[in-house]
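Structure, as structure tokens:
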2 protein chains.
Amino acid sequence: MTTGDARRGEETVSLVAAIRDSIVRGDFVPNQRLVEADLSAQFSASRASVRAALLELTNEGLVERVQNRGARVRAVSLDEAVEICEVRMVVEGLCAAKAAERITAKEIKELKEIGKSMRKAVSNGDVLGYSQLNQQLHRRVREIGEQQTATQVLDRLRAQSVRHQFRLAMHPGRPSTSLPEHLAIIDAICQHDAEAAERAARTHLRSVIAALREVDQASTPVLAR
Amino acid sequence: MTTGDARRGEETVSLVAAIRDSIVRGDFVPNQRLVEADLSAQFSASRASVRAALLELTNEGLVERVQNRGARVRAVSLDEAVEICEVRMVVEGLCAAKAAERITAKEIKELKEIGKSMRKAVSNGDVLGYSQLNQQLHRRVREIGEQQTATQVLDRLRAQSVRHQFRLAMHPGRPSTSLPEHLAIIDAICQHDAEAAERAARTHLRSVIAALREVDQASTPVLAR
DNA sequence: CGCACCGATATTGTCGACAATTTTGTCTCT
DNA sequence: AGAGACAAAATTGTCGACAATATCGGTGCG
């Protein structure tokens, strides 16, 4: 069966989603070549559509293309993942600060609700649920901050580092480290304290960066030779 | 004659540059429709190439596309320009901080040289030269900071707001305002003071945002009705 | 035995044509 | 005359085929 089907119009857009999912979920491993003809057959679409989709994914940073040499799944090194997180650090800091300025009473309740759910998930050992709440929190903060541009930037960066992100979420003990950081962000935003919110967001991402390095060292002990 | 010619291979890449230039230099005004067939004739390229180029420019944020309704030049509103500058503020801050950590003695000399040239350009009233030095400074700082990801983000954002940026550079009195800010960034980086460098970069961009608002109000007095 | 040259194969880049969709203009009916 | 429906034009989305380019394997020469 072909991985993803879609409604009639705009086949390319669904192809982009299908290929993106295949990359994110690991069906296509890093550095794997993506031959247009093969994808065309696999997803039963024309080569032009595949080509357009590859173009799009290249600009999202998930695929690398070299002139006349084709496309392959981009492998994000640890150093690159750190760089990405550093940019995320400052941009999420901006969003948190803006959110602190603009948040409404209703949204405060919502954010605190998320915080409560996160506490519960961690104490229950619900790693998957916590990960989803994590994403929800970050998304809501961006929405509250009303930063369209920042949101676009962050979406792109998140997609690029999703593999590292996932590995991190599965690391034992990680949730109990990040929970208080998340709660600090929520508190600062709910108190309309922009500076504190930015600091908290940065502290959190700094911790993520440190954890990234740690997890990588643990899983790549010396050098797989 | 066709606007841009190019070497044999990879016609699309040169088309992207040609259309981008046309947008940036104002040959294509904001909200102007970009019909594939017309561009195809104008640049004497196939429609497929034009299509690929428009895809690329869409992902750069210079063109907006709606499904089955074609592409048009994106009009960046003042609010959007401010948002873009806010993101730039924090990311350039990051780059400045990293540059302060990593700068070498040789690069310090180079940066100070740029500072000297800027002073000269301002005192000579050389607006264009100052603008170029400005760009050169920002670029060098990013390179010294060795932030690939941040550089990509900033390149994209700069391209989107180039029109506002240009109008700002032409504003009388603007250079003498921004010069000391630039010099402060240079000083902080050259003293390896990451925190001060980030603060200086932010202060500068904050000033740019304020100027953006001011210039816009001056040129759109009430509301063209 | 190694290296450079050359041809065969695989893959991408480009093109023109056709199908699907949206927009525009016109005509009728109330 | 105005609103709605229908047809025609314009434009985009998709497809298959051809040309250009890179990669791989074999052959001859030093």
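Letters go in sequence order (proteins before strands), and every chain restarts at 1. When reading the values below, keep in mind they use all heavy atoms of this one structure, side chains included, and skip hydrogens, waters and symmetry mates.
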Residue A:Glu11, side-chain atoms from C-beta onward, closest of C:dT12, D:dT12, D:dC15 | D:dC15
Identify, with sequence neighbours excluded, every residue that meets salt bridge (Lys or Arg N to Asp or Glu O under 4.0 Å) alongside B:Glu101.
-> none
Sugar-phosphate only, base, or nothing, as touched by A:Leu15 at under 4.0 Å among non-hydrogen atoms = nothing
With sequence neighbours left out, what residues match B:Gln135 under side-chain contact (heavy atoms from CB on, under 4.5 Å)?
-> B:Ser131, B:Arg158
Within the pair A:Thr12 and D:dT14, is there a side-chain N or O less than 4.0 Å away from OP1 or OP2?
-> yes
Position toward the 5' end of DNA chain D (nearest nucleotide), B:Ala48 or B:Ala37 | B:Ala37
Quick one: list whatever passes side-chain contact (heavy atoms from CB on, under 4.5 Å) with A:Glu198, sequence neighbours left out.
-> A:Ala97, A:Arg202, B:Arg202
Using the test side-chain contact (heavy atoms from CB on, under 4.5 Å), find all partners of A:Ala75 that sit at least two apart in sequence or belong to another chain.
-> A:Pro30, A:Asn31
Rounding to the nearest 10°, end axes of the helix from C:dC1-D:dG30 to C:dT30-D:dA1 built from five pairs each make an angle of 10°
Would you kindly give the CZ-to-P distance between A:Arg47 and D:dG13, to the nearest whole Å?
-> 19 Å
Not counting sequence neighbours, list each pair that qualifies as a salt bridge (charged side-chain N to carboxylate O under 4.0 Å, His left out) and has a residue in residues 70-79 of chain A.
-> A:Arg74-A:Glu80
Please give, in whole Å, the distance from C:dA10 C1' to A:Arg72 CZ?
-> 15 Å
Partners passing salt bridge (Lys or Arg N to Asp or Glu O under 4.0 Å) against B:Glu143 (at least two apart in sequence or in another chain) | B:Arg140
Contacts under 3.5 Å, N or O only, protein and nucleotides 22-24 of chain C:
| residue | atom | partner | partner atom | Å |
| --- | --- | --- | --- | --- |
| C:dT23 | OP1 | B:Arg69 | NE | 3.1 |

Rounded to whole Å, CD of B:Glu36 lies from C1' of C:dT14 at a distance of 15 Å
What residue pairs, at least two apart or across chains, pass salt bridge (charged side-chain N to carboxylate O under 4.0 Å, His left out) with a residue in residues 36-52 of chain A?
-> A:Glu36-A:Arg47, A:Glu36-A:Arg51
Looking only at side chains, do A:Ser207 and A:Glu181 share a donor and an acceptor under 3.5 Å apart?
-> yes
Give a yes/no on whether any side-chain N or O of B:Ser46 is located under 4.0 angstrom from OP1 or OP2 of C:dT14.
-> no
side-chain contact (heavy atoms from CB on, under 4.5 Å) partners of A:Ala197, counting only residues at least two apart = A:Ala96, A:Ala100, A:Ala188, A:Ile189
Does the side chain of B:Ser49 get closer than 4.0 angstrom to OP1 or OP2 of C:dC15 through an N or O atom?
-> yes
How close or far is atom C1' of C:dA10 from atom CG of A:Asp38, stated in whole angstroms?
-> 11 Å
Among residues two or more places apart or on two chains, list those pairs meeting salt bridge (charged side-chain N to carboxylate O under 4.0 Å, His left out) that have a residue in residues 17-26 of chain B.
-> B:Arg20-B:Glu60
Under-4.0 Å salt bridge between B:Glu146 and B:Lys98 = no
Go through residues 51-60 of chain A and report each residue with a non-hydrogen atom lying under 4.0 Å from DNA chain C, sorted by number.
-> A:Arg51
